[in-house]
Amino acid sequence: MTARPLNPRAALDTRESLLVQDPRTKARNATEKRFRAYGLTAIVVALLALVWLLVSIFGNGLPAFRQTFMTFPVTLDAALLDKGGKRDPADLAKATTFTYGKVLATSLGAEVTAKGIDLGAVQPKDLIKMISEESPATLRNLVLADPSLIGTTIDFTVLASGRIDGYYKGRVTMESAALDKNISPDQLALADRLKTAGVLGMKFNAGFLTMPDASDKRPEAAGLGVAIVGSLYMMFVVLILALPIGVATSVYLEEFAPQNKFTDLIEVNIANLAAVPSIVYGILGLAIFINFAGLPQSAPIVGGLVLTLMTLPRIIIPTRAALKAVPPSIRDAALGVGASRLQTITHHVLPLAMPGILTGTIIGLAQALGETAPLLLIGMVAFVRDFPGAPPDGLFDPAAALPVQIYNWTQRGDPGFVERASGAIIVLLVFLIAMNAVAIYFRRKFERRW
Amino acid sequence: MKDQRLETRVDTQTIKIEARKAQVYYGTNHAIIDVDVDIMDKTVTAFIGPSGCGKSTFLRCLNRMNDTIPSCRVEGSITLEGENIYDPRVDPVQLRARIGMVFQKPNPFPKSIYDNVAYGPKIHGLTRNKAELDEVVETCLRKAALWNEVKDRLQSPGTGLSGGQQQRLCIARAIATSPEVLLMDEPCSALDPIATAQVEELIDELRSQFSVVIVTHSMQQAARVSQRTAFFHLGYLVEFGETGQIFTNPKDPRTESYISGRIG
Ligand SMILES: Nc1ncnc2c1ncn2[C@@H]1O[C@H](COP(=O)(O)OP(=O)(O)OP(=O)(O)O)[C@@H](O)[C@H]1O
Ligand SMILES: [Mg+2]
């Protein structure tokens with residue numbers, strides 16, 4: 001007696017050798033292969049886009065980190081700079097940047113003569129146009145800070161003008177210079193001769209990171225200093241406010257809140273707040289912190305508060321997810337040996353959720369660092385030349401912010417600012433990568449513990 | 001004071017936990033219905049019954065672990081030495097320090113073996129210094145038959161142990177707070193026969209100090225370790241009595257069919 005097969009279709013099965021794939025297996029394998037090909041294509045496309053982005057940003061931005069400088073001896077003529085002759089600060093301040101410009105031009109002219117460089121068709125009075133308009137001010141500040149320099153000759157390094165810098169970066173050509181009232185081909189030719197003589201050269205531009213922004217006409221002097229300090233201050237405010245408030249909120253909602261309509265309402269609101277466009281937070285900040293609370297405009301404290309509001313839901317959501325992901329058996333274990341709820345949370349749940357919390361926080365911070373729109377509304381787009389003071393008071397001084405500075409520079413007319421904007425993007429990216437590296441470090445560090 | 005203790009040690013029939021008309025609801029689901037149980041001091045009580053009959057639920061009522069389940073509601077009275085543990089004045093945290101628990105699934109803390117055992121004594125301030133704590137840890141690990149396997153790696157994570165070792169670690173952790181009652185929910189379901197035998201030996205030993213309540217699916221285990229057995233069925237306590245009597249001469253036909261393997 002033969003047993004009936006369990007599966008009626010089994011009788012229809014034509015079982016063949018394992019070495020031959022049956023049609024179903026073949027179809028399955030083909031589907032899988034196709035799916036893998038789609039995935040691979042997607043990744044390749046994404047990578048290409050990324051590479052293209054990086055190449056374009058780095059191609060445009062890296063030149064910002066190198067700058068054309070001129071170094072020559074500058075004779076600080078006491079007769080010009082200190083008419084009173086008593087080194088009285090009030091007297092010294094009377095010498096304007098215009099006077100210092102003349103000092104620089106005279107000294108450069110003297111250097112050109114001394115080195116036997118042919119001026120060509122360049123008039124001695126036009127020599128000053130080859131130097132950045134920023135340089136007389138730099139020299140003046142130097143002298144005002146140290147009046148004993150007056151009467152001596154110092155080796156001074158000045159920024160070359162933006163056009164000459166552009167010439168060595170390929171932005172300015174002889175042809176374009178012929179049409180440009182700010183520079184002439186003769187001056188470019190002279191710059192070449194100065195370069196050969198060693199007066200003019202390119203080197204690393206630390207000022208890009210340390211100097212404040214400069215006006216429209218002086219891209220060569222524009223730096224990120226104030227923006228970096230402003231962004232750091234804001235991140236500081238966001239970190240000390242958003243992390244504790246966010247974690248406390250999450251812990252309360254996740255572990256203590258009674259399950260009722262009110263809690264549900266709060267949860268829905270937090271989820272929605274995370275999706276609110278950032279510019280709305282800017283309007284809110286303008287209304288509450290500036291118009292109502294009377295905090296100063298353009299101040300990192302206001303920017304930090306606005307970004308805190310924006311970051312909070314973005315910290316709360318991953319933190320709650322991290323708390324939820326802690327296995328309930330751990331809570332049971334702790335409660336089972338008689339730990340209180342708070343002990344259970346602080347001793348067991350939070351340490352386990354820590355990698356998730358920190359990752360969420362740092363990603364929230366990174367988003368806040370790159371946020372532009374709300375800052376525009378609270379006046380962080382203002383042109384700020386003075387560094388804010390040391391915290392906490394400095395938090396109330398006007399400052400700029402990295403992303404706003406980028407936005408700002410892309411709006412400027414001088415082509416020199418294109419390179420500055422891309423350079424600033426590189427700085428921002430470096431900050432973001434550093435923050436993500438910190439996130440990864442913390443995650444590893446805490447994960448190793450268990 | 002001393003005399004009193006002596007008395008309780010002599011009289012093994014002191015009632016430690018007393019449940020009267022205990023009801024447990026999960027929302028509208030009536031999971032435990034009219035359960036009357038007396039847990040004797042210095043006795044091992046076994047809860048048996050088919051899956052889903054409410055053994056774990058009732059066990060978790062005894063140290064108020066059910067408080068963590070929002071939908072769970074307990075009615076009736078459950079007393080520990082005459083005091084209602086569901087009295088609003090009772091702090092469940094204090095209660096759980098006196099009624100320890102070992103869970104069905106091993107759940108060591110993701111910390112070192114040492115810290116797992118030391119945690120309870122630390123938060124309850126049971127030891128005065130490190131030396132005392134070391135001693136408690138060693139004693140508990142020895143009692144849980146784990147000491148020899150882990151004495152050289154007390155600082156390695158408890159989660160790195162095998163399932164059976166983890167369960168014994170959890171037992172060590174539970175007895176480290178010197179509870180008066182130890183609740184064990186299928187403590188041996190993840191253990192091999194050797195470890196099971198060790199745990200059973202431990203339970204027998206613990207009987208001299210605590211009262212133990214153990215949930216088990218193994219009739220043999222219930223017969224081996226317990227003095228009293230409670231048979232649950234569909235949320236009702238069907239029969240409760242001396243283990244010998246339950247297994248040899250059950251009064252209720254349902255008990256009979258369960259222990260002879262006809263329902264379950
Ligand atoms: N957290 C919960 N929420 C809702 N219902 C629950 C919950 N835990 C248990 N129940 C229900 O209560 C009843 C008893 O469950 P319990 O876990 O006590 O059974 P058990 O006897 O321990 O079973 P097992 O032997 O399989 O562990 C079941 O019907 C179950 O569905
Ligand atoms: Mg159970």
Side-chain angles (χ1 to χ4, degrees), chain A residues 247 250-268 319-359 442-450, chain B residues 56 59-60 62-71 91-112 115-126 140 155-160 166 169-179 182-185:
Chain A
V247 171
S250 315
V251 167
Y252 178 77
L253 284 177
E254 202 55 48
E255 311 279 343
F256 292 102
Q259 289 197 327
N260 56 25
K261 287 239 167 64
F262 184 65
T263 315
D264 289 348
L265 188 74
I266 291 179
E267 280 173 17
V268 169
T319 301
R320 292 190 62 187
L323 290 173
K324 262 203 187 87
V326 173
S329 62
I330 297 297
R331 292 168 220 262
D332 283 352
L335 294 173
V337 292
S340 70
R341 267 213 279 188
L342 191 61
Q343 281 174 328
T344 304
I345 292 162
T346 52
H347 296 169
H348 302 284
V349 177
L350 274 184
L352 287 183
M354 209 37 111
I357 295 176
L358 286 177
T359 311
F442 274 124
R443 201 157 46 194
R444 290 271 162 78
K445 183 174 168 217
F446 281 100
E447 262 166 6
R448 217 177 294 147
R449 287 232 317 253
W450 31 302
Chain B
S56 302
L59 194 72
R60 290 166 60 92
L62 300 182
N63 69 344
R64 291 188 58 174
M65 279 303 283
N66 278 340
D67 287 15
T68 58
I69 303 168
S71 68
D91 185 352
V93 171
Q94 218 175 325
L95 174 74
R96 289 184 202 125
R98 290 172 61 183
I99 306 186
M101 183 153 195
V102 176
F103 296 84
Q104 182 165 353
K105 240 178 61 196
N107 55 356
F109 298 131
K111 297 180 189 285
S112 72
D115 286 340
N116 261 281
V117 184
Y119 183 67
K122 253 191 222 161
I123 58 170
H124 296 302
L126 300 182
C140 294
Q155 292 312 322
S156 54
T159 37
Q166 288 187 14
L169 179 62
C170 293
I171 295 176
R173 180 178 67 193
I175 59 181
T177 52
S178 355
L182 188 61
L183 309 176
M184 304 174 110
D185 193 350

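Because only heavy atoms are used, hydrogens play no part in the values below, and waters and symmetry mates are left out as well, while side chains stay in. Chain letters run A, B, ... following the sequence lines, proteins first, then strands; residues in each count from 1.
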> When only pairs under 4.5 Å are counted, which of A:P327, A:A334, A:P258 shares the most heavy-atom pairs with chain B?
Replying inline: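 Max contact count across the listed options: A:A334.
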
Side chains of [X] and [Y]: closer than 4.5 Å at any heavy-atom pair?
{"X": "A:F442", "Y": "A:T359", "answer": "no"}
{"X": "B:M65", "Y": "B:D185", "answer": "no"}
{"X": "A:E255", "Y": "A:V349", "answer": "yes"}

>> For A:Q259, which atoms come within 4.5 Å of any heavy atom of chain B: side chain, backbone, both, or neither?
In response: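 Side chain only.
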
> What part of B:I99 lies closer than 4.5 angstrom to a heavy atom of chain A: side chain, backbone, both or neither?
Replying inline: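 Contact with chain A involves the backbone of B:I99 alone.
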
> Does any heavy atom of chain A fall under 4.5 Å from the side chain of B:R60, the backbone, both, or neither of them?
Replying inline: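 Contact with chain A is through the side chain of B:R60 alone.
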
Between the side chain of [X] and the main-chain N/O of [Y], is any donor-acceptor distance below 3.5 Å?
{"X": "B:T159", "Y": "B:P110", "value": "no"}
{"X": "B:Q166", "Y": "B:N107", "value": "no"}
{"X": "A:R320", "Y": "A:S250", "value": "no"}

> Are A:D332 and A:S329 linked by a side-chain donor-acceptor pair shorter than 3.5 Å?
Replying inline: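 No donor-acceptor contact under 3.5 Å links the two side chains.
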
> Among pairs that include at least one residue of residues 332-358 of chain A, which meet ring-ring contact (aromatic ring centres under 6.0 Å, His included), considering only residues two or more places apart or in two chains?
Replying inline: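 Listed by first then second residue: A:H347-B:Y119, A:H348-B:F109, A:H348-B:Y119.
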
>> Taking 4.5 Å as the heavy-atom cut-off, does anything in residues 171-179 of chain B contact chain A, and if so which residues?
In response: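 Residues in range: B:R173, B:T177.
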
